[in-house]
Amino acid sequence: MAGDAMTAAASAERDDALEDFTGKWRARWPEWSVAEVFVPRAQRGTAVAWASLQQELTDAAWGGSDAAPGEAKLGWWIEELQGWSQGRRRHPLGLALQRQAAPWKALAVMLPSLRDSRERPGDRNEAFEALTPLAEAIGAIDLALFGPVPGQLAEAAVAPILSSLLEARLVLQGDAAVPLSVVARSMARPGEGAAAEWSRELLAQWPARGGSTVPRRLWTALAHTRLQRGDAARPLSPWTALLAAWRGARN
């Protein structure tokens, strides 16, 4: 009986730790409580855990004024994800993700490119190209977790991930995320700022199709709608989120 109680307590502690990390993502994206109705119930826990992992990685790469803590954290994640591919886990998010048949090791291999992306890009092409290897790795995991065709990554799957990554970077870094060429161009429009100019450019190139899986299309739709409304960090109202999610799910 004592052993059963200890096992139950340990299990509850692990569940609480997992909830702490997924709760951070939900706090940044409260719209998900509305949008997730379009995701099959059996996939919702995996979707939130996977979104939370992506947030952990991008926060490490682009968050804070000092790059060193984030670089160390990404180094830790490289080891952690390599361990997932070998059946080992330490991080609470591994409770929901590690046993999923997804290319975690391939994601680990691409994390140095995410680490190196902290430096301001020279122009639009450089901003996108720097994150393309990561977007491809993320897209492969999307398909492995949610279908429709595991192991086959369509080119169309990468573009919405890139756009969403750059939207996330803008939220975390503000003007520091804007390419130098866009900063120079924004100087000809006093009062608006480089971030506003870069937001317009991101919206202009935003792909028509939001992704190859339902969760990705929902995440893309929410990020796009926030950017359209002029503040990528501001949550949408429930009705706006529902409409955006409905359109995303149908796309």
Side-chain angles (χ1 to χ4, degrees), residues 28-29 31 51 54-75 77 107 109-139 155-211 216-217 219-236 240 244 248 251:
R28 194 174 297 179
W29 291 94
E31 303 99 313
Q54 292 171 77
Q55 179 171 283
E56 289 294 310
L57 298 177
T58 54
D59 280 2
W62 302 321
S65 58
D66 183 2
E71 290 176 353
K73 192 170 186 179
L74 287 174
W77 270 111
L107 177 60
V109 169
M110 295 307 171
L111 288 189
S113 67
L114 176 61
R115 177 198 62 207
D116 296 341
S117 72
R118 185 180 180 93
E119 184 176 349
R120 185 196 294 270
D123 57 24
R124 174 186 175 278
N125 289 340
E126 187 176 320
F128 279 82
E129 289 170 3
L131 294 175
T132 296
L134 177 68
E136 291 173 346
I138 289 174
E155 187 66 27
V158 176
I161 297 171
L162 280 171
S163 293
S164 295
L165 285 170
L166 289 168
E167 184 267 353
R169 182 176 183 178
L170 184 61
V171 170
L172 289 168
Q173 290 189 304
D175 283 353
V178 181
L180 289 171
S181 63
V182 178
V183 172
R185 191 163 62 248
S186 71
M187 294 175 67
R189 300 179 181 180
E192 282 203 327
E197 181 77 18
W198 183 226
S199 293
R200 278 195 299 272
E201 193 156 331
L202 288 177
L203 286 169
Q205 62 74 49
W206 204 276
R209 182 167 172 78
R216 179 60 57 188
R217 292 199 293 272
W219 296 329
T220 304
L222 295 177
H224 181 243
T225 305
R226 279 192 182 189
L227 204 59
Q228 279 184 317
R229 290 180 169 258
D231 187 348
R234 184 178 180 180
L236 305 170
T240 301
N251 185 357

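Treat the numbers as computed from the prediction; the structure is a model and nothing was measured. For reference, positions follow the sequence shown, starting with 1. Values below: every heavy atom of this structure, side chains too, minus hydrogens, waters and symmetry copies.
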query = Given Thr220 and Trp206, is the side-chain contact (heavy atoms from CB on, under 4.5 Å) satisfied, shown in steps?
reply = CA-CA 10 Å; Thr220 304; Trp206 204 276; 3.4 Å; yes

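- The heavy-atom pair separating Val178 from Leu170 by the smallest distance is CG2-CD1, 4.5 Å.
- At distances below 3.5 Å, not a single donor-acceptor pair connects side-chain atoms of Ser163 with backbone N or O atoms of Pro160.
- The CH2 atom of Trp198 lies 13.0 Å from the CG atom of Asp175; values are rounded to the nearest 0.5 Å.
- Among pairs with a residue in residues 57-70, those fulfilling salt bridge (charged side-chain N to carboxylate O under 4.0 Å, His left out) read Arg28-Asp59, at least two apart in sequence or across chains.
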inquiry  = Before you tell me yes or no, could you show the steps for Arg234 and Arg229 under side-chain contact (heavy atoms from CB on, under 4.5 Å), namely the whole-Å CA-CA distance, both residues' side-chain angles and the distance that decides it to 0.1 Å?
reply    = CA-CA 9 Å; Arg234 184 178 180 180; Arg229 290 180 169 258; over 6 Å; no

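- The CD atom of Glu71 lies 7.5 Å from the CZ atom of Arg118; values are rounded to the nearest 0.5 Å.
- Between Glu31 and Pro235, the shortest heavy-atom contact is OE2-CA, 3.3 Å.
- Contact detail for Pro207 and Ala159: the closest heavy-atom pair is CG-C, 3.8 Å.
- Atoms OG and CG, on Ser113 and Leu74 in that order, are 10.0 Å from each other to the nearest 0.5 Å.
- The heavy-atom pair separating Glu126 from Pro121 by the smallest distance is OE2-CA, 3.5 Å.
- You'll find the side chain of Phe128 stays beyond 4.5 Å of the side chain of Val158, heavy atoms only.
- Both the sub-6.0 Å distance and the 45° axial angle are satisfied by Arg226 relative to the ring of Trp29.
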side-chain contact (heavy atoms from CB on, under 4.5 Å) assessment of Leu134 paired with Leu57 = CA-CA 11 Å; Leu134 177 68; Leu57 298 177; 5.6 Å; no

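- The line from CD of Glu197 to CE of Met187 is 12.5 Å long, rounded to the nearest 0.5 Å.
- Annotation for Arg200: atom CZ counts as buried by contact number, over 12 foreign heavy atoms lying within 6.0 Å.
- How far CH2 of Trp62 is from CG of Leu166: 6.5 Å, rounded to the nearest 0.5 Å.
- For the atom pair NZ (Lys73) and CG (Leu111), the distance works out to 12.5 Å, reported to the nearest 0.5 Å.
- The nearest pair of heavy atoms linking Glu119 to Arg169 is O-NH2, 3.1 Å.
- Taking all atoms of both residues into account, the shortest heavy-atom contact from Ser199 to Leu227 is OG-CD1, 3.8 Å.
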